[in-house]
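When a ligand or atom number is given, it counts from 1 through the structure's own listing order. If you're wondering where the values come from, they're calculated on a predicted model, not measured in any experiment.
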Amino acid sequence: MYIKPGSMLGMLGGGQLGRMFAMAAQQMGYRVTVLDPAAESPAGSIAERHLQADYLDAQALHELGTTCAAITIEFENVPAQALRTLAQRCVVSPDADSVSIAQNRILEKEFLAGNNFPVGPFIVIHNAQDIHQIDPALFPAILKISQFGYDGKGQIRIDKAEDLPEAFSNLGNRPCVLEKRLPLDREISVILARDRLNQITFFPIPENRHEQGILDTSIIPATLSDEITAKACELAGQIASKLNYIGILCVEFFVLEDDRILINEIAPRPHNSGHYSLNACITSQFEQQVRMLCGLPHGSTRLIQPAVMTNILGDLWKNGEPAWNEILRHPQAKLHLYGKRAAKPGRKMGHFTVLAETIEEALQHTQRIRQDLQR
Ligand code: ADP
Ligand code: MG
């Protein structure tokens, strides 16, 4: 049973990931309804319908559940209860249980550690009492709030135990995870698609470089040994199977200096580090998301050419509208903008991807474009 083109698909969340899903869905003949509380949003403005309401609004959920054939999400902070309610009426994937784990760092870490997936040393801090008698070996550390953190927000780097009470209070005394700060050699992510029959396809693995906790650049394919590639895919696939996950899943990994790999976090949706697939793969992560949601065959994830994806943040607007021609006139670069009206520092406004024969060449072109954009 598959969902036919022409059907209405529901998307919870109106951000850029929802927008790129909607574009892929529309390309394949589907229609899209977006539920998002904001009057204006990247996805809401291009979907056939936008329901402007809270994610738990009973009337909006009823409308979505009765008019959509299948429903998915574009960010993990959708209340899991909304997914449970919708699942009584139509196909919902990923399901509420997977999302509730991925949206809560404590549940996520406990799920991973509890199932013997490799994660770095951490402890859970529920309240101020938990702050005492912490193993000094955990420092230097990073304190992360359990919920609603993104792009490095809701995180404080801590060098020694004495600084923990103040950091905990600065994060609002909310439940946190305290992680040992690890000597990272590299960061990579595995993006996969899993269907109802446990068939899994993987996208080529990006290497991800961050600036101030925000993804800056993804380089594809990451230069990895066959062992690390195989291990990362195996682990990510096992996580998806353990969750009985249906849809697109991203698993972020740390590669340590001694070549060990540890799982950082999971995202129950397409991922910023997979945006390169829009231009560099036969099938993008968003098209694959549509395919999984509708019960269609997996598309080929073959890489057409090495690629470098660079995020465009609102900071670039400090001297007015950026000089887009620096990207557009480049024969191997593709520009994507998300239609956001207000450019704020740190806000993801778009990205560009450079394709080339080699990674080195793609990096060189990217570097030149970045310099020209800055002028
Ligand atoms: P977010 O939800 O904001 O993506 P992450 O937990 O992935 O949060 O952290 C953002 C970035 O901060 C990571 O990609 C990595 O660069 C750095 N980071 C996070 N945790 C650690 C750690 N334990 N050790 C070293 N670097 C870390
Ligand atoms: Mg992350």
### Query
How would you list, by chain and number, every residue that makes a salt bridge (charged side-chain N to carboxylate O under 4.0 Å, His left out) with Asp135, sequence neighbours excluded?
none
### Message
Which residue and atom name correspond to the protein heavy atom nearest atom 9 (O) of ligand 1, and how close is it?
### Response
Gln155 NE2, 3.3 Å
### Message
Donor-acceptor check, side chain of Ser41 to backbone of Ala38, threshold 3.5 angstrom: yes or no?
### Response
no
### Task
Can you sort out which atoms of ligand 1 are near Lys144, meaning under 4.0 Å from one of its heavy atoms?
5 (P), 6 (O), 19 (C), 20 (N)
### Task
Taking the six-membered ring for Trp and the full ring for Phe, Tyr or His, determine whether the centres of Tyr276 and Phe352 are under 6.0 Å apart.
no
### Query
Can a salt bridge be assigned to the pair Asp226 and Lys231 using a cut-off of 4.0 Å between side-chain N and carboxylate O?
no
### Query
Ignoring waters, how many protein N/O/S atoms are under 2.8 Å from the Mg ion (ligand 2)?
3
#### Entry: For Leu184, atoms of ligand 1 separated by under 4.0 Å from a heavy atom
25 (C), 26 (N)
### Task
Give the atoms of ligand 1, by number and element, whose distance to some non-hydrogen atom of Glu252 is under 4.0 Å.
7 (O)
### Message
Please list, in number order, the atoms of ligand 1 under 4.0 Å from a heavy atom of Arg181.
### Response
24 (N), 25 (C)
### Under-4.0 Å heavy-atom contact with ligand 1, by part of Arg209 that carries it
neither
### Query
Taking only residues two or more places apart in sequence or in another chain, which ones pass ring-ring contact (aromatic ring centres under 6.0 Å, His included) with His351?
His275, His336, Tyr338
### Query
Going by an N to O cut-off under 4.0 Å, is there a salt bridge joining Glu63 and Arg49?
yes
### Glu257 CD: over 12 foreign heavy atoms closer than 6.0 Å
yes
### Summary
Across all chains, not counting sequence neighbours, the salt bridge (charged side-chain N to carboxylate O under 4.0 Å, His left out) partners of Asp57 are none
### Message
Out of all atoms in ligand 1, which are within 4.0 Å of some heavy atom of Arg105? Include the element for each.
### Response
1 (P), 2 (O), 6 (O), 8 (O)
### Query
Strictly under 4.0 Å, does any heavy atom of Gly152 approach an atom of ligand 1?
yes
### Query
If you measure from each heavy atom of Phe122 to ligand 1, is any distance below 4.0 Å?
no
### Message
Can you check which of Gly154, Pro140, Gly120, Gly213 brings a heavy atom nearest to atom 11 (C) of ligand 1?
### Response
Gly213
### Query
Starting from atom 13 (C) of ligand 1, which protein heavy atom do you reach first, and at what distance in Å?
Glu187 OE1, 3.4 Å
### Query
Of the backbone atoms (N, CA, C, O) and the side-chain heavy atoms from C-beta on, which set of Asp151 has a member under 4.0 Å from an atom of ligand 1: side chain, backbone, both, or neither?
backbone
### Task
Using a strict 4.0 Å cut-off to heavy atoms of Asn264, name the atoms of ligand 1 that fall inside it.
5 (P), 6 (O), 7 (O)
### Message
Looking at Thr301 and Phe202, would you say the former's side chain and the latter's main chain have a donor-acceptor pair under 3.5 Å?
### Response
yes
### Query
Is any N or O atom of Leu182, backbone or side chain, closer than 3.5 Å to an N or O atom of ligand 1?
yes
